[in-house]
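Beneath this line is the structure, given in structure tokens, with notes to follow.
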Amino acid sequence: MTLPYDKFAAVVVIPTVATVQRSRLRRWLARGSVRHIEGTAPLLKNVLAVLNLAYPESGLAALRMWGQTGDRPNVWLAAADPIYLEPRLDHLRLHALHGENMPSADLRFVFDALQATLASDNSDQRRYGFARIKGSGYVRAERPLATAQEPAASIDGGLPNEFMPAGDSSGSYRNLRSEVEMVLHDHEVNRRRAENGLPPVNSLWLWGGGYAPEQNTEPRPPLFASEPLLRGYWYSKTGVVADWPGSIAQCLDASVAGFVAVADMAEDDENAIAVETVLDELMTALSAKRVSEVVLLTGDGLAIRISPSDRWRIWRRQWPLQGTSGE
């Protein structure tokens, strides 16, 4: 399910389609081409797959920081996700810590402790530095080291070993993780977390290491999103980047040849209404030929592609998620 990036298409990310109740929207969605997305890949990977563009092989952490700050980093960086490595009988299981499981104050204490302890130890001449921006953590190294490719969220609940870098170049990665785990072991932040019923932050998951690419100019549809990795990639291509304006109509008014948008919606009772409003706008735009196709990426793990010709697929009545009637 790919599109050339210059097509008049709307690529829109929404939280879910499972809550859609309006029958006309359900019929419209059910007539599209539906594909299940395997795993929990970074959003950038799924968006670039739709646009038939290559996913960066390195420098993802630097791109994410670029997206957060608006400035291109000029040092080697790796993303450092706080995790809980749960010991089992014969293996470790990784749990990504974010949201309610990772209050901002705890994240600050973790990175302050690592910066105070490891950044001042220059015995191996690596001169690591630790930093956080909002809810994201980073490690800087003067000499690059091998890191994992997938973020902790993509491995949540799984076995980390198969995602870790291998070979001779992985030694520095493993050494740094061991040093991090020694600092965090029995740290006061984890004693406090235990009192509050939260899992300990006993390690960091290091991934996406590399340098930010040189900025160049390549044709990309405008991006309306707050997601940092997406924004950083678009900045690296000198693309148009803006926050989600609140409606598809405003995205269309600001676009000439389609767009990519992440519809930011609060996780509350009005979420379903907001999703239906976005879908209604997209259906209207497609009918009015303001876009040639619509591709939806959803938090339900679906990619749904809808084109004008799909209106003739009247025999297709099954709701793509629940298997119930679209009528």
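Throughout, residue positions are numbered sequentially from 1 according to the sequence presented. Keep in mind that what you see is a predicted model, and the values were worked out from it rather than measured.
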Kindly give the heavy-atom pair with the smallest separation between [X] and [Y], and that separation in Å.
{"X": "T298", "Y": "V17", "answer": "CG2-CG1, 3.9 Å"}
{"X": "V241", "Y": "W234", "answer": "CG2-CB, 3.5 Å"}
{"X": "W76", "Y": "Y211", "answer": "N-CE2, 3.3 Å"}
{"X": "P42", "Y": "E150", "answer": "CD-OE1, 3.7 Å"}
{"X": "M65", "Y": "Y138", "answer": "N-OH, 3.3 Å"}
{"X": "R140", "Y": "V75", "answer": "CD-CG2, 4.0 Å"}

Is the closest side-chain heavy-atom distance between [X] and [Y] below 4.5 Å?
{"X": "W205", "Y": "F163", "answer": "yes"}
{"X": "L48", "Y": "P56", "answer": "yes"}
{"X": "V50", "Y": "V47", "answer": "no"}
{"X": "P308", "Y": "L286", "answer": "yes"}
{"X": "L296", "Y": "L29", "answer": "yes"}

Would [X] end up clustered with [Y] when hydrophobic side chains under 4.5 Å apart are linked, directly or stepwise?
{"X": "V139", "Y": "L63", "value": "yes"}
{"X": "W66", "Y": "L53", "value": "yes"}
{"X": "V260", "Y": "V240", "value": "no"}
{"X": "L184", "Y": "L118", "value": "yes"}
{"X": "L229", "Y": "I155", "value": "yes"}

Non-neighbouring partners of T147 that pass side chain to side chain donor-acceptor pair (under 3.5 Å), sequence neighbours left out: none
For S236, side chain to side chain donor-acceptor pair (under 3.5 Å) partners two or more places apart: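 With sequence neighbours excluded, S236 shows a side chain to side chain donor-acceptor pair (under 3.5 Å) to no residue whatsoever.
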Any side-chain donor near an acceptor of the partner, Y55 and Q149, under 3.5 Å: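 Their side chains do not contain a donor-acceptor pair, so the 3.5 Å distance test is not met.
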Where at least one partner belongs to residues 221-233, residue pairs that pass side chain to side chain donor-acceptor pair (under 3.5 Å), sequence neighbours excluded: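 Listed by first then second residue: R220-Y233, S226-D264, R231-Y235, R231-D243.
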Any pair counted as side chain to side chain donor-acceptor pair (under 3.5 Å), so long as it reaches residues 101-111, sequence neighbours left out: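 Non-adjacent pairs meeting side chain to side chain donor-acceptor pair (under 3.5 Å): D106-R193.
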Just to verify, what does [X] make a side-chain contact (heavy atoms from CB on, under 4.5 Å) with, not counting sequence neighbours?
{"X": "T238", "answer": "Q215, T217"}
{"X": "A242", "answer": "F224"}
{"X": "F109", "answer": "V189, R192"}
{"X": "A249", "answer": "S247, E281"}

Check whether [X] reaches the backbone of [Y] with its side chain - one donor and one acceptor, N or O, closer than 3.5 Å.
{"X": "Q68", "Y": "P228", "result": "no"}
{"X": "R72", "Y": "A212", "result": "yes"}
{"X": "N190", "Y": "V201", "result": "yes"}
{"X": "R93", "Y": "E86", "result": "no"}
{"X": "R26", "Y": "V20", "result": "yes"}
{"X": "Q115", "Y": "F130", "result": "yes"}

Contacts of D253 that satisfy salt bridge (Lys or Arg N to Asp or Glu O under 4.0 Å) - sequence neighbours left out: R290
Results of salt bridge (Lys or Arg N to Asp or Glu O under 4.0 Å) for D186 - residues two or more places apart only: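 By the salt bridge (Lys or Arg N to Asp or Glu O under 4.0 Å) rule, D186 matches R191.
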Which distance, rounded to the nearest 0.5 Å, do you find between the [atom1] of [X] and the [atom2] of [Y]?
{"X": "R174", "Y": "L206", "atom1": "CZ", "atom2": "CG", "result": "12.0 Å"}
{"X": "L302", "Y": "L297", "atom1": "CG", "atom2": "CG", "result": "9.5 Å"}
{"X": "S170", "Y": "L145", "atom1": "OG", "atom2": "CG", "result": "10.0 Å"}
{"X": "L94", "Y": "M164", "atom1": "CG", "atom2": "CE", "result": "10.0 Å"}
{"X": "M283", "Y": "W28", "atom1": "CE", "atom2": "CH2", "result": "7.0 Å"}
{"X": "H185", "Y": "S203", "atom1": "NE2", "atom2": "OG", "result": "13.5 Å"}

Check against side chain to side chain contact (heavy atoms under 4.5 Å, CB included), L279 and V12: CA-CA 10 Å; L279 294 178; V12 181; over 6 Å; no
Criterion side chain to side chain contact (heavy atoms under 4.5 Å, CB included) on E181 and L85, from CA distance to verdict: CA-CA 10 Å; E181 288 165 8; L85 288 176; 3.7 Å; yes
Test log, rule side chain to side chain contact (heavy atoms under 4.5 Å, CB included), inputs L204 and I83: CA-CA 6 Å; L204 294 179; I83 59 173; 5.7 Å; no
Pairwise ring pair (Phe, Tyr, Trp, His ring centres under 6.0 Å) hits with a residue in residues 79-106, at least two apart: Y84-H95
Full working for side chain to side chain contact (heavy atoms under 4.5 Å, CB included) between I248 and D280: CA-CA 9 Å; I248 295 299; D280 217 352; over 6 Å; no
Salt bridge (Lys or Arg N to Asp or Glu O under 4.0 Å) pairs, two or more places apart, involving residues 50-70: R64-D81
